[in-house]
2 protein chains.
Amino acid sequence: MATQSLEDYLEAIYNSLNRRGHAKTNEIASDLGVKAPSVTEMFDKLRKEGFINYKKYEGVTLTERGREVAKDVSEVHENIKKFLELLQVSPKQADKDACKVEHSLSEESIDQLNKFIDFVERCPEEEARWLKHFDYFSAHGELPPAHRDKRDEGEE
Amino acid sequence: MATQSLEDYLEAIYNSLNRRGHAKTNEIASDLGVKAPSVTEMFDKLRKEGFINYKKYEGVTLTERGREVAKDVSEVHENIKKFLELLQVSPKQADKDACKVEHSLSEESIDQLNKFIDFVERCPEEEARWLKHFDYFSAHGELPPAHRDKRDEGEE
DNA sequence: CAAAATTATTAGGCTCACCTAATTATATTA
DNA sequence: TAATATAATTAGGTGAGCCTAATAATTTTG
C-alpha cells in the first residue's frame with residue numbers, strides 16, 4: 001500500500017492533470033507546499049512502485065494503478081469534505097481537514113461514510129429537515145422550537 | 001503545540017492513569033505498540049515541554065497543562081468514535097480510526113462535530129427515526145419504503 | 001544559435017519517531 | 001543481604017520525508 005505521503009502526491013498529480021492537463025515538478029511542489037527536490041524524490045519512488053510514468057525532465061502521468069489509488073483517495077476526500085460541510089464547517093477548512101483525515105480512515109469507515117453521503121443526497125426533503133434542525137442547533141445552541149414540540153410541519 | 005505523536009502519548013498516559021492508577025514505561029509501550037526505549041525518549045520530551053512529571057525510574061503523572069491536552073484529545077476521540085458508530089462502524093474499528101483522525105481535525109471541525117454529537121444525543125426520538133432510515137439504507141442499499149413514500153409513521 | 005532564464009535533479013544534511021543491544025537501576029526472593 | 005529477575009535507560013542506528021546549495025537540462029529570447 002502507498003504511504004500517506006505517497007497518496008498525497010498521487011492525489012495532487014491527479015488533480016493537477018485534471019485541472020491543468022499536466023503535472024510538473026514545480027506545480028506539485030507548490031500545490032503540496034514543499035520544495036522541488038522533495039517532489040523529484042517522491043516522483044522517483046512513485047515510479048518505482050508503478051504508480052506513475054516518470055522520466056527525468058518530463059512531466060508525469062498516472063499509470064492505471066496510480067489512477068485507481070488517486071481516484072479512491074479523491075473520492076474519500078470529497079465525501080469527508082461534504083460531511084464536514086453538512087456540519088457547517090466552512091468549505092475551505094473542510095477541504096483542509098479532508099486532506100488530512102482522508103488517510104486515516106479504514107475501509108469500513110470509508111464505506112459507511114460513502115453510504116451516509118449517498119443517503120443524505122438521496123433523500124433531500126427528509127434530510128433537509130433534520131439537517132436544518134442541526135443548523136439551528138449549531139447556530140443557537142438549542143433545539144429548534146418545532147423540534148422541542150415534537151411537531152415537524154411548522155418550523156419554516 | 002504538541003505533535004501528533006506527543007498527543008498520542010499524552011492520551012495513553014491519561015488513559016493509563018485512569019484505568020490503572022499509574023503510567024509506567026512498559027505499560028505505555030505496550031498500549032501504543034512501541035518498544036520501551038521509544039517511551040523513555042518521549043517521556044523526556046514531554047517533560048521538557050511541561051506536559052508530564054517525569055523522573056527517571058519513576059512512573060509519570062500529568063501536569064495541569066498535560067492533563068488539559070490529554071482531556072481535549074480524549075474528548076475528540078470519544079466524539080469521533082460516537083460519530084463512526086452512528087454510521088454503523090464497529091466499535092473496535094471506530095476506536096482505531098478515532099485514534100488516527102483525532103489529530104487531523106481543526107478546531108472548527110472539532111467544534112462542529114461536538115455540536116453534532118450533542119445534537120444527536122439531545123433529540124433522541126427525531127434523531128432515532130432519521131438514523132434508523134440510514135441504518136436501513138446502509139443495510140439494504142435503498143431508502144426504507146416509508147421514506148420513499150414521504151410518510152413517516154409506519155416504517156417500524 | 002548562443003546567452004540567459006527557467007525548470008529539474010543531485011548531493012549532502014536534518015529531524016522525528018522508531019528500533020536493537022547493552023547497561024544500569026530497582027524489586028524480589030532465597 | 002546477596003543473587004536473580006524485572007524494569008528502565010543509554011548508546012548507537014535506521015528510514016521517511018523534508019530542506020538548502022550546487023549542478024544539469026531544457027526552454028526562451030536577443
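Computed from a prediction, not measured in an experiment: that's the story for all the values here. So that the names make sense, note that chain A is the first sequence line, chain B the second, and so on, each numbered from 1.
- Note that the CG atom of Leu143(A) and the NE2 atom of His133(A) stand 9.0 Å from one another [nearest 0.5 Å].
- Note that the first and last nucleotides of DNA chain D, 5' to 3', having any atom under 4.0 angstrom from a heavy atom of chain A are dA16(D) to dT26(D).
- Ile80(A) and Ile117(B) fall within the same hydrophobic cluster, where Ile, Leu, Val, Met, Phe, Trp and Tyr residues are linked whenever their side-chain heavy atoms come under 4.5 Å apart, directly or through other members.
- A heavy atom closer than 4.0 Å to some atom of DNA chain C occurs in Lys24(A), Thr25(A), Asn26(A), these being the qualifying members of residues 20-31 of chain A.
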Exercise for the section: Using Watson-Crick or G-U wobble pairs with both distances under 3.5 Å, give me DNA chain D in dot-bracket, 5' to 3', with [ ] for crossers and | for pairs to another strand. Expected result: ||||||||||||||||||||||||||||||

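- Every pair passing side-chain hydrogen bond (donor to acceptor under 3.5 Å, both in side chains) that includes a residue from residues 16-27 of chain A is listed here, sequence neighbours excluded: Ser16(A)-Arg20(A), Arg20(A)-Asp31(A), His22(A)-Glu27(A).
- Taking every heavy atom of both residues into account, Ser138(A) and Lys115(B) meet most closely at O-NZ, 3.3 Å.
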Enumerate, atom names and distances included, each donor-acceptor pair closer than 3.5 Å involving a side-chain atom of residues 51-59 of chain A, sequence neighbours excluded.
{"unit_1": "Asn53(A)", "atom_1": "OD1", "unit_2": "Thr61(A)", "atom_2": "OG1", "d": "3.1"}

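- Mapping heavy-atom proximity under 4.0 Å, the span of DNA chain C touched by chain A runs 5' to 3' from dT7(C) to dT10(C).
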Problem - Ser38(B) vs Tyr9(B), side chain to side chain contact (heavy atoms under 4.5 Å, CB included): CA-CA, chis, key distance, verdict - result: CA-CA 11 Å; Ser38(B) 309; Tyr9(B) 279 83; 4.0 Å; yes

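- For the side chain to side chain contact (heavy atoms under 4.5 Å, CB included) with Ile28(A), the lone residue among Val39(A), Val60(A), Asn15(A) that qualifies is Val39(A).
- For Asp135(B) and Lys132(B), the salt-bridge test fails: no basic side-chain N is under 4.0 Å from an acidic carboxylate O.
- Comparing Glu58(B) and Lys56(A), the nucleotide of DNA chain D nearest to each residue sits closer to the 5' end for Glu58(B).
- Only Thr3(B), Ser5(B), Tyr9(B), listed by number, bring a heavy atom of residues 2-15 of chain B to less than 4.0 angstrom from any atom of DNA chain C.
- Of the residues in residues 39-54 of chain A, those lying under 4.0 Å from DNA chain D by heavy-atom distance are Glu41(A), Met42(A), Lys45(A).
- Taking SG from Cys123(B) and CH2 from Trp130(B), the interatomic distance works out to 11.0 Å, rounded to the nearest 0.5 Å.
- Atom CG of Leu86(A) and atom CD of Glu121(A) lie 8.5 Å apart (nearest 0.5 Å).
- How far CG of Leu17(A) is from OH of Tyr14(A): 9.5 Å, rounded to the nearest 0.5 Å.
- Asp44(A) and Arg47(A) are joined by a salt bridge, as a carboxylate oxygen and a charged side-chain nitrogen come within less than 4.0 angstrom of each other.
- Looking at residues two or more places apart in sequence or on another chain, you find a side-chain contact (heavy atoms from CB on, under 4.5 Å) between Ala94(A) and Lys81(A), Leu84(A), Glu85(A), Val89(A).
- Contacts of Phe137(B) classified as ring pair (Phe, Tyr, Trp, His ring centres under 6.0 Å), with partners at least two apart in sequence or in another chain: Phe119(A).
- Among residues two or more places apart in sequence or in another chain, the side-chain contact (heavy atoms from CB on, under 4.5 Å) test is passed with Lys35(B) by Pro37(B).
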Show the atom names and distances, to 0.1 Å, of all donor-acceptor pairs under 3.5 Å that link a side chain in residues 98-108 of chain A to residues at least two apart or in another chain.
{"unit_1": "Lys100(A)", "atom_1": "NZ", "unit_2": "Ser104(B)", "atom_2": "O", "d": "3.2"}
{"unit_1": "Glu102(A)", "atom_1": "OE1", "unit_2": "His77(A)", "atom_2": "ND1", "d": "2.7"}
{"unit_1": "His103(A)", "atom_1": "ND1", "unit_2": "Glu7(A)", "atom_2": "OE1", "d": "2.7"}
{"unit_1": "His103(A)", "atom_1": "NE2", "unit_2": "Asp8(A)", "atom_2": "OD1", "d": "2.6"}
{"unit_1": "His103(A)", "atom_1": "NE2", "unit_2": "Cys99(A)", "atom_2": "O", "d": "3.3"}
{"unit_1": "Ser106(A)", "atom_1": "OG", "unit_2": "Ser109(A)", "atom_2": "N", "d": "3.3"}
{"unit_1": "Ser106(A)", "atom_1": "OG", "unit_2": "Ser109(A)", "atom_2": "OG", "d": "3.4"}
{"unit_1": "Ser106(A)", "atom_1": "OG", "unit_2": "Gln93(B)", "atom_2": "NE2", "d": "3.3"}
{"unit_1": "Ser106(A)", "atom_1": "OG", "unit_2": "Asp97(B)", "atom_2": "OD1", "d": "3.4"}
{"unit_1": "Ser106(A)", "atom_1": "OG", "unit_2": "Asp97(B)", "atom_2": "OD2", "d": "2.7"}
{"unit_1": "Glu108(A)", "atom_1": "OE1", "unit_2": "Ser90(B)", "atom_2": "OG", "d": "3.3"}
{"unit_1": "Glu108(A)", "atom_1": "OE2", "unit_2": "Ser90(B)", "atom_2": "N", "d": "2.8"}
{"unit_1": "Glu108(A)", "atom_1": "OE2", "unit_2": "Ser90(B)", "atom_2": "OG", "d": "3.4"}

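- Here the shortest heavy-atom pairing between Gly50(A) and Thr63(A) reads O-OG1, 2.8 Å.
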